[in-house]
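Note that ligands are numbered from 1 as they come in the structure, with each ligand's atoms numbered from 1 the same way. For reference, positions follow the sequence shown, starting with 1.
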Amino acid sequence: MFAVQFDRFGGPEVLAVGPFPEPHAGPGEIRVRAAAAGVAPVDLALRAGLSPSRDRLQLPHIPGVDAAGVIDEVGTDVTGWSAGDEVFGAVDVARLGGASAEFVVLRFWAAKPGSMSWEEAGAAGSGVETATRALDVLGVDEGATLLIDGAAGGVGSVAVQLAVARGARVVGTGRLESRDFLAGLGAIPVPYGPGLPERVRALGRIDLALDVAGAGSLPELVAITGAAASVLTLADFTGPSLGVRLSRGELAGEPDGRHGLALAATLSEEGRFHVPLREVFPIERAAQAHAAATRGPRHGKIALTTHR
Ligand SMILES: NC(=O)c1ccc[n+]([C@@H]2O[C@H](COP(=O)([O-])OP(=O)(O)OC[C@H]3O[C@@H](n4cnc5c(N)ncnc54)[C@H](OP(=O)(O)O)[C@@H]3O)[C@@H](O)[C@H]2O)c1
């Protein structure tokens, strides 16, 4: 099969598209002939050799954790799914990648609704799982006011919409120029950065806060909500030293948010959810896609089209 791959750590230029041995679905897994894949911060960190999981990578390695496509292999212990079904999802976190390829083995998935483009679906899996997990852990429910720091990015933009769908009032931080984008997702936009407590004070009580940015705002988020227990971070490893929970998902043996994928599909069909795509690249241009993923303002996801 063809796949994006790298055989040494480095910048986007280490990525190449070429032949790679096909993977096969193990127990509890499916394999898809991929139509699209996502690009996530974890892919960039692994490629650059900056991930704590670096030593577990076998090179050459295929980056990418999210993909969508048509099932062509069903592993043992999988029932209710068959070849030809259109799905979107993510790889087993232990594989650290594998999604930017012609054939992708998925560990969790949901049926792709007709309302989602292949590119949207391909980029959705891990962001929807992560956002769902974070909202579950925080206990975001109808009537709560949730502040999301880093609301315009891949995970944040999904978390805003899923929290709004739960009936929460969402305040989302972003750059000044991200104001309309955030409002379009259903959030009350507020500029990110120092002085956040003063800026959100005028918006009334904030019950809960989710840090997606990992930009050092945890002390401010604790001050805004009044309690470290009301704050959750996905990206700031100093969290636990401040009494703030750090959610790392399956890696840390936590309950996962996979059930969010089927919900996101339903909400998409109802016109209440979409995966914002800021750029889509053909798989041959994976290096440009990785380069674009670090350029702000980061609104939603970057996707690769994998069919060719
Ligand atoms: N723990 C987990 O299970 C888990 C799972 C998935 C992702 N993550 C982590 O979560 C983080 C976000 O992922 P993502 O996919 O959403 O990344 P992303 O798409 O790159 O988005 C990051 C967002 O943060 C914003 N931002 C930058 N500086 C900020 C600041 N000082 N204050 C507030 N927001 C700021 C960016 O805005 P501009 O571009 O406009 O500056 C951008 O919209 C990454 O570190 C990722 O590794 C963790």
Side-chain angles (χ1 to χ4, degrees), residues 38-48 50-53 63-66 90-91 93 96 108 123-138 147-162 171-182 185 187 189-197 199-200 209-221 224 232-240 244-258 260 275-279 289-303:
V39 175
V42 63
D43 308 335
L44 311 182
L46 282 164
R47 186 214 67 226
L50 299 174
S51 162
S53 306
V65 291
D66 299 318
V91 304
V93 71
L96 301 169
F108 64 91
S126 63
V128 170
E129 187 281 322
T130 303
T132 302
R133 168 167 32 97
L135 300 182
D136 286 352
V137 173
L138 270 174
L147 171 64
I148 301 181
D149 197 25
V155 176
S157 60
V158 165
V160 168
Q161 297 174 81
L162 295 180
V171 177
T173 76
R175 295 183 188 207
L176 266 183
E177 67 251 52
S178 300
R179 200 183 163 77
D180 292 347
F181 175 76
L182 288 169
L185 296 173
V190 177
Y192 66 53
L196 191 61
R199 288 193 294 282
V200 296
L210 172 61
D211 167 38
V212 190
S217 65
L218 292 182
E220 292 190 311
L221 299 185
I224 288 167
L232 180 76
T233 182
L234 292 169
D236 189 334
F237 286 83
T238 69
V244 171
R245 286 167 293 178
L246 166 67
S247 175
R248 297 182 60 222
E250 212 179 341
L251 274 177
E254 296 169 18
D256 61 63
R258 295 172 188 186
V275 181
L277 294 174
R278 63 180 188 276
E279 275 186 273
H290 273 222
T294 57
R295 282 198 296 268
R298 283 161 286 176
H299 291 172
K301 296 289 302 185
I302 290 198

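Closest approach of Ala235 to Ala213, counting heavy atoms only: CB-C, 4.1 Å. Smallest separation of non-hydrogen atoms from Thr233 and Gly239: CG2-CA, 4.3 Å.
Neither side chain, His299 nor Ser157, offers a donor N or O lying under 3.5 Å from an acceptor on the other.
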Pairs under 3.5 angstrom, nitrogen or oxygen on both sides, ligand 1 versus protein: list them out, please.
from	atom 1	to	atom 2	distance (Å)
ligand 1	1 (N)	Leu234	O	2.9
ligand 1	1 (N)	Ser247	O	2.7
ligand 1	3 (O)	Arg133	NH1	3.1
ligand 1	3 (O)	Arg133	NH2	3.0
ligand 1	16 (O)	Gly154	N	3.2
ligand 1	16 (O)	Val155	N	2.9
ligand 1	19 (O)	Gly154	N	2.8
ligand 1	20 (O)	Arg298	NH1	3.3
ligand 1	39 (O)	Arg298	N	2.8
ligand 1	39 (O)	Arg298	NE	2.9
ligand 1	40 (O)	Arg175	NE	2.6
ligand 1	41 (O)	Arg175	NE	3.2
ligand 1	41 (O)	Arg175	NH2	3.3
ligand 1	41 (O)	Tyr192	OH	2.6
ligand 1	43 (O)	Gly153	N	3.2
ligand 1	43 (O)	Arg298	O	2.9

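A heavy-atom distance below 4.5 Å is found between the side chains of Ser247 and Arg133.
Heavy atoms of other residues, nucleotides or ligands lying less than 6.0 angstrom from CZ of Arg245 number more than 12.
Classification of Glu250 and Arg258 as a salt-bridged pair holds, one side-chain N sitting under 4.0 Å from a carboxylate O.
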